[in-house]
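Here's the structure we're looking at; comments come further down.
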Amino acid sequence: MDVTPRYLGAGSFLSRRDPRVLLLVPVLYIVAVAGVDDLRVVLACTAVALAYYRAAGIPWRGVRANWAFMLTLTTLLVLANSILTSAVSAQAGPGEQVLFNAPITHSPVTWTTLSYAATVLVRYVSLALVSFPVAFNIAPSDLGVAFARLGLSQRLAYGVDLTFRFLPSTAASLRETVDAQRIRGYEHSRSRNPVRRLLSLRPVVVPLTVNALIDAEDTVNAMDLRGFGGRHRTWMRDLAFDRTDLLILAGFSAVAAVMVTAKILGLTGEVWVP
Amino acid sequence: MSTDATTPREPVLSLSSRTVVYGAVGAALYAVLGLFSFLIPGTQAVQVRPAFALVPFFGKRFGVIAGLFTGLVGNAIIDLISGYGLTYWNWSVANGLVGALAGLLFAYLPPIANEALRLVVTALGALLATAVGLLFVFTDIWVQGIDVTTVISINYLPALISDAIAVVILVPALDAIWEPLSKRTGR
Amino acid sequence: MTALIEVRDVSVRYLSTGHTALAGTSLTVRPGDLTLVCGPSGCGKSTLLRLLNGLIPHAYRAEVTGEVLVGGAPVAGRSIRDLSTVVGTMLQDPRKQIVGTTVAAEIAFGPENLGLSRAEIRGRIAEVAGRVGIEHLLDRATASLSGGELQMVAFAGVLVMRPQVIVVDEPLANLDPAAGLRLMREIRRFADEGGAAVVVEHRVEEILEFSPTGVLYLEEGRPRHQGPAEGFLKVAPVGHVKLPFSTLVARAAELPAVPEPAARGSGVTVPRLEYHGVGLGYGERTVLSGVDLSLGPYERVAVLGRNGAGKSTLLRAAVSLVDATRGEVLVDGAPVAERSVLSLATTFGYVFQNPGQALFCATVGQELAFGPRNLGWSAEKIAEESGRALRAVLLDGEAQIMARPPRTLSFGQQRRLTVALALAMRPRTLILDEPTAGQDLRTTTEFMGHALAAGHVESVYFITHDVDLALTHADRVIVVDDGGIAADATPAELAGDEAVWSRAGLAATSLVRAVREHLPDAGSIPHPFDLARRVALLPPSPSSPQEGTP
Ligand SMILES: Nc1ncnc2c1ncn2[C@@H]1O[C@H](COP(=O)(O)OP(=O)(O)OP(=O)(O)O)[C@@H](O)[C@H]1O
Ligand SMILES: Nc1ncnc2c1ncn2[C@@H]1O[C@H](COP(=O)(O)OP(=O)(O)OP(=O)(O)O)[C@@H](O)[C@H]1O
Ligand SMILES: [Mg+2]
Ligand SMILES: [Mg+2]
């Protein structure tokens with residue numbers, strides 16, 4: 001049972017960046033593309049996102065499954081959205097040519113509908129492009145300090161580190177608890193009833209949780225006894241933005257600023273029809 | 001620092017080392033059970049994420065911050081380990097809100113002596129927190145430009161239904177076991 | 001010289017329960033002191049430590065009367081954080097107090113909280129790691145360390161804060177004897193170099209080897225004895241504290257009579273559990289290989305070995321929790337892989353090390369019924385077996401026991417309950433994984449007595465770090481080391497084999513030395529009390545080495 005995030009982009013351009021850059025870029029990117037309806041604009045942003053993703057150096061083999069899952073999920077969502085939605089068809093110009101009627105709801109599909117669906121799909125994909133590096137290019141041990149230096153409370157930031165410390169031991173206790181119950185003849189419930197099935201999870205979930213909570217009391221004491229919780233805390237990992245980091249952040253901030261302005265001016269709110 | 005020797009109860013938004021540790025324990029439990037529930041015999045075919053019940057439970061028992069942390073960080077770590085980064089960030093926030101709301105709700109509810117009633121209230125309170133907290137996924141309407149109907153029918157309702165089953169069954173079970181223990185352990 | 005810690009006539013009452021855990025206790029700790037605190041479970045040892053490090057009154061809600069001075073100032077006026085630079089605390093289970101994902105991060109935790117500079121922290125880590133000999137571990141993940149290594153890392157994490165006193169709660173409970181000795185040696189050195197230490201421990205004999213300057217023996221929250229170690233040995237209650245064998249001999253006249261162990265059946269030839277060239281491991285990692293072993297259906301077998309040697313792995317294979325990567329494991333002559341979970345569950349009652357691992361029901365009654373119900377037994381049969389199992393572990397006397405939430409029982413009671421859970425399924429062989437870790441002598445003796453005497457149980461295989469327990473309660477001892485079986489002998493044979501005691505994470509106790517000297521012929525070992533009585537009657541021999549000193 002492996003409970004550490006896979007670190008795939010070792011040595012790449014993005015892996016050498018300050019982890020705060022990798023956390024801030026997706027935020028700026030969301031600000032930029034949120035609510036944009038013009039496919040051309042979203043495609044332009046996606047080009048930026050793609051360049052960013054390429055710099056992460058994530059090997060394709062390692063993430064094939066993730067992309068497949070992500071794309072399937074998003075495609076289904078977008079299909080459903082195009083079928084169910086009435087808003088887009090309403091946006092279509094009065095005399096617009098109906099290409100075909102969607103199954104089930106029989107709502108008319110026009111170039112506008114298609115363009116809009118493509119916009120949504122591309123936006124999801126581009127968001128994944130900027131946020132996959134968070135999963136694959138940040139060492140888990142850097143997360144706590146990154147949040148602390150982003151202004152989160154020192155204690156909560158340490159909580160992130162502590163969560164990663166608890167992951168392997170929790171996984172081990174899960175294994176042991178399942179073993180301990182198996183010895184008592186615990187086997188899976190064959191019932192189709194979801195309530196039954198959930199009830200049959202209690203022998204594992206309850207002792208696992210209760211044990212973790214009882215042990216936590218000692219961890220709290222141990223942390224207090226080693227001076228945890230002061231206002232100032234040194235983090236052994238030293239984070240500093242270098243010129244490149246600042247350039248990247250400035251670049252994405254500029255994109256976000258331009259896009260927000262365009263949105264305010266109403267330049268990107270129209271669905272683009274070829 | 002630590003709880004004062006005389007305060008009987010921590011303030012609703014306190015951030016002591018207790019809060020941090022319980023939040024981290026909750027997040028780790030949520031992540032591990034969320035990722036590996038297939039290890040538990042019988043869960044392969046459960047279409048719900050049973051571990052979700054931990055989120056309102058931690059909120060109720062250990063406060064707003066611990067609940068928020070459990071849901072937000074726990075779900076983010078599941079995404080991180082499965083490799084989606086922050087793509088579905090609003091789900092993590094929604095999870096966190098569920099924990100925080102459960103914390104708030106139960107902080108202002110008077111203690112209930114009747115055991116059966118307490119279990120029912122626990123289940124309903126957790127359910128309410130879940131229903132309200134998950135509303136955060138409606139942000140997809142503005143961020144991703146999805147229609148309200150789609151968010152409700154594809155995102156919100158399915159998640160609510162499966163999480164509600166887990167919450168209604170497992171939260172009272174966890175809470176009932178923890179009740180006698182909370183009085184003995186603890187400081 | 002001024003005292004580092006002064007406790008004057010202190011009483012502690014926990015507000016959550018209203019229970020007075022400590023009364024009229026005084027303690028003075030000066031530089032160079034090594035103070036041993038001992039006493040039965042629940043006597044207030046941990047409460048005393050919480051007073052010294054400030055958890056009481058700062059973190060626990062408790063009413064304290066009397067005076068506690070650390071470095072000349074009352075603790076009530078100082079924060080835990082401030083106190084942590086004077087009093088360093090090591091809790092009982094290192095697994096619970098480690099907060100770093102890597103060893104270096106773990107050691108850095110305290111200094112980071114104090115806000116020291118990075119250069120200073122790096123310097124301190126290097127110094128402390130060198131001192132306790134864990135430089136090679138610095139980059140390792142804490143999750144991958146063995147119990148002994150973890151304990152050393154936890155110790156380093158305390159030392160790095162440069163405390164003047166260290167207080168240690170049951171450091172030996174989860175350690176193999178050799179690792180325990182290493183840790184105690186470090187603690188002794190800390191005291192010798194101008195620091196001071198207060199050690200809470202049930203394994204009194206092991207601590208006495210490090211010549212503590214004083215002993216505080218508590219009973220029900222009150223000091224029963226306080227003073228130098230020699231005086232303590234003269235008055236310590238024999239059935240409650242594990243004393244060096246020489247003390248037992250000296251006090252042979254007071255030793256209580258011990259009941260004869262129950263005789264076991266025999267004559268059946270098919271072994272209960274057989275290993276034929278078995279290899280065991282997890283994923284890529286091989287833990288044990290080439291294991292050939294055959295355990296009989298009427299044997300009491302103890303398994304010894306260092307932390308991480310593979311003791312638990314070996315016995316887990318019996319119930320199919322680990323599958324053999326090569327070779328074959330047979331249960332009652334048939335391959336274990338062909339047996340169903342349920343048939344294994346009625347052959348072996350397996351009791352895990354941590355009693356809490358399996359408890360999930362609202363009441364003891366439901367908990368007891370869970371296993372039998374999985375076997376499809378009728379309600380009457382379940383009730384009958386549950387009652388019988390509770391009686392076997394002496395929990396039936398507890399008021400309202402069937403309706404109690406299991407986790408509200410004391411730790412020792414929970415341990416006994418887990419044995420009852422196993423017994424309720426009527427297993428023929430009981431497998432116990434470290435059944436007595438961290439328990440006092442009386443509980444240990446009672447517990448093992450009941451486990452071994454339970455009616456339908458034909459054999460007991462148990463894993464332990466307690467050498468004396470293995471020698472006195474088993475008819476066969478197996479030592480696991482270096483990825484295989486390092487020794488397989490009767491207790492007396494094993495005691496006689498001098499070579500084995502310096503390897504495999506073991507250390508010879510005074511009982512081992514006594515057996516080697518007085519019972520050179522192989523066979524079973526009598527109860528230490530009986531042996532002590534016998535030895536006391538012998539004429540004193542001039543060559544007899546002084547027991548109880550290293
Ligand atoms: N936080 C607490 N609240 C209330 N009572 C407590 C608390 N901690 C301990 N006690 C009670 O105080 C008494 C002394 O407990 P303490 O933990 O000091 O014993 P101990 O000697 O360390 O025992 P053991 O050897 O089992 O660790 C016990 O009766 C225990 O139940
Ligand atoms: N589920 C597991 N997955 C991977 N490795 C494991 C697992 N369980 C144990 N190990 C490793 O196998 C080795 C043997 O472990 P085992 O638990 O059998 O040791 P042990 O002799 O019982 O030690 P202890 O005295 O500390 O309980 C150890 O190095 C341990 O880290
Ligand atoms: Mg104790
Ligand atoms: Mg073991």
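Naming convention: chains lettered A, B, ... in sequence-line order (proteins, then strands); numbering from 1 in each chain. Here the structure is a predicted model, which is why all the values come from computation and not from measurement.
In this pair, C:Phe109 and A:Tyr158 present their aromatic rings tilted. The plane angle is within the 30 to 60° band.
Interface remark: of the candidates A:Asp215, A:Val206, A:Thr209, A:Leu162, A:Asp215 forms the most heavy-atom pairs closer than 4.5 Å to chain C. Among C:Arg50, C:Met90, C:Gln97, the residue with the largest count of heavy-atom pairs under 4.5 Å with chain A is C:Gln97. Contacts with chain A were tallied for C:Thr346, C:Leu91, C:Val319; C:Leu91 has the most, counting heavy-atom pairs under 4.5 Å. Chain C forms more heavy-atom pairs under 4.5 Å with one residue of A:Val210, A:Leu167, A:Ile183, A:Thr177 than with any other, namely A:Ile183. Contact count against chain C (heavy-atom pairs under 4.5 Å) is highest for A:Asp179 among A:Asp161, A:Asp179, A:Thr219. Of the listed residues (C:Leu116, C:Leu344, C:Leu375), the greatest number of heavy-atom pairs within a distance under 4.5 Å of chain A belongs to C:Leu116. Between chain A and the options C:Thr142, C:Leu421, C:Val351, heavy-atom pairs under 4.5 Å are most frequent for C:Leu421.
The backbone N or O of C:Ile98 lies less than 3.5 Å from a partner atom in the side chain of A:Arg165, making a donor-acceptor pair. The closest donor-acceptor contact from the side chain of C:Arg118 to the backbone of A:Trp235 lies under 3.5 Å. In this structure a side-chain-to-backbone donor-acceptor pair under 3.5 Å is missing from A:Asp224 to C:Leu55.
Heavy-atom distances place both the backbone and the side chain of A:Pro203 under 4.5 Å from chain C.
A side-chain donor-acceptor contact under 3.5 Å links C:Arg407 and A:Asn211.
Closest of all the heavy-atom pairs between A:Ala180 and C:Ala358 is CB-CB, 4.2 Å.
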